[in-house]
Amino acid sequence: MKKLIILNHKMNLKYDEALSYINSIKNNLGNIYDVIICPSSIYLNLFKDSGYEIGSQNVYCEDNGAYTGEISPMQLQSMGIKYTIIGHSERRYYFIEDDSLINKKIASALKNNISPILCIGEKIEEKESSRTELVLESQLLSDLNNIDIQQLNNVIIAYEPVWAIGSGQTPTMDGINNTIKYIKDCINKKYNINLRVLYGGSVNKDNISEIMKIESVDGVLVGGASIDASQVLAMSSTN
Ligand code: PGA
């Protein structure tokens with residue numbers, strides 16, 4: 001299986017910029033890695049023309065109903081979208097999403113055959129008080145609570161230290177390796193399966209190669225650098 005690059009555009013790109021981005025990357029990305037693009041939800045349909053797998057950045061836990069502004073997993077499935085990011089630290093922080101809601105969103109996405117990309121990670125104060133492993137284990141246990149073991153195989157985990165997101169800082173390569181191994185061990189001990197675990201937080205064209213070389217890392221989740229088509233072209237062909 002190829003390692004994975006997931007591009008999280010967050011709330012960026014105007015319409016004309018999205019069109020020219022698609023134009024630049026269409027059929028142009030390297031084929032060393034699998035690529036999933038997560039554009040703003042209003043552009044999901046546009047990006048289906050990009051030739052790459054598409055994911056949403058968010059999803060709600062109900063299929064339909066009176067939830068103004070929300071994104072339905074059933075609607076995503078009906079558009080052929082196979083992935084969704086769930087539990088990103090920006091959603092946890094700005095939109096007060098807790099582990100219980102994240103758990104419901106994961107169950108709903110899976111019910112609709114959408115693979116959740118579950119983001120977990122410690123805040124700076126948790127890192128500084130040596131609570132990283134405790135925090136990660138607690139997020140994993142709550143977010144995956146009661147998820148059917150057969151469906152669990154479709155979950156992708158993204159380890160994103162909150163302090164590394166958008167900051168230009170990353171853990172050391174050993175640090176990434178050890179934490180990803182720890183996450184894999186936790187999942188393996190509890191569910192007896194191996195899930196893909198990605199690293200996210202200040203990944204760019206200059207550090208992607210070093211990070212992808214870490215054996216335990218199954219791919220990367222890229223935010224800021226993902227809205228620059230030329231960086232994406234470079235990252236997709238750097239091994
Ligand atoms: P960043 O964001 O690459 O800008 O640090 C990563 C993310 O939030 O997924």
Side-chain angles (χ1 to χ4, degrees), residues 3-13 17-18 21 25 29 33-41 43-44 47 52-59 71 81 83-97 102 105-106 109 114-124 126-127 132 135-136 139-140 143 155-173 175-176 179-180 183 195-212 214 217-236 238:
K3 294 198 179 193
L4 193 54
I5 300 185
I6 300 181
L7 305 172
N8 173 14
H9 286 179
K10 311 194 182 193
M11 196 177 70
N12 290 300
L13 300 181
E17 291 168 340
Y21 181 100
I25 60 159
L29 296 185
Y33 308 113
D34 285 328
V35 176
I36 300 171
I37 307 175
C38 301
S40 291
S41 57
Y43 301 146
L44 281 167
F47 271 82
Y52 301 96
E53 286 290 355
I54 305 303
S56 69
Q57 296 175 14
N58 182 30
V59 70
I71 300 167
I81 287 163
Y83 300 91
T84 183
I85 298 174
I86 297 179
H88 191 282
S89 63
E90 286 150 16
R91 303 247 14 130
R92 291 178 192 257
Y93 179 74
Y94 293 113
F95 303 98
I96 330 288
E97 293 193 2
I102 290 166
K105 288 181 168 201
I106 290 176
I114 295 171
S115 292
I117 299 152
L118 168 63
C119 300
I120 58 171
E122 82 284 3
K123 301 190 192 99
I124 187 69
E126 293 164 339
K127 171 182 147 66
T132 298
V135 168
L136 296 176
Q139 288 177 338
L140 280 173
D143 297 346
V155 176
I156 299 169
I157 309 285
Y159 167 53
E160 299 207 303
V162 179
W163 52 272
I165 296 178
S167 65
Q169 286 181 286
T170 63
T172 61
M173 297 304 122
I176 295 176
T179 309
I180 291 206
I183 292 170
L195 295 187
R196 282 195 280 178
V197 184
L198 319 180
Y199 168 77
S202 296
V203 178
N204 56 42
K205 68 174 175 25
D206 300 321
N207 61 18
I208 190 167
S209 162
E210 205 182 357
I211 295 169
M212 285 295 204
I214 304 173
V217 168
D218 296 307
V220 292
L221 176 49
V222 188
S226 77
I227 54 173
D228 172 357
S230 66
Q231 276 222 51
V232 172
L233 287 164
M235 287 190 286
S236 72
T238 306

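One-based numbering, in listed order, for ligands and for the atoms of each. Residue numbers start at 1 and run along the sequence shown.
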Inset, instruction - Identify, with sequence neighbours excluded, every residue that meets side-chain hydrogen bond (donor to acceptor under 3.5 Å, both in side chains) alongside Asp228. - result: Ser230
Inset, instruction - Using side chain to side chain contact (heavy atoms under 4.5 Å, CB included) as the criterion, list what pairs up with Asn207, not counting sequence neighbours. - result: Thr170, Val203, Asn204, Ile211
Inset, instruction - Not counting sequence neighbours, which residues clear side chain to side chain contact (heavy atoms under 4.5 Å, CB included) with Glu17? List them please. - result: Leu13, Lys14
Legend entry - Any donor-acceptor N/O pair, Thr172 side chain to Gly175 backbone, under 3.5 Å: yes
Legend entry - Residue shell around ligand 1, heavy atom under 4.0 angstrom: Asn8, Lys10, His88, Glu160, Ala164, Ile165, Gly166, Gly201, Ser202, Leu221, Val222, Gly223, Gly224
Legend entry - Flag side-chain contact, heavy atom, 4.5 Å: Leu44 against Pro39: yes
Inset, instruction - Scan Ile86, Thr84, Ile114 and name whichever one has a side-chain contact (heavy atoms from CB on, under 4.5 Å) with Ile106. - result: Ile86
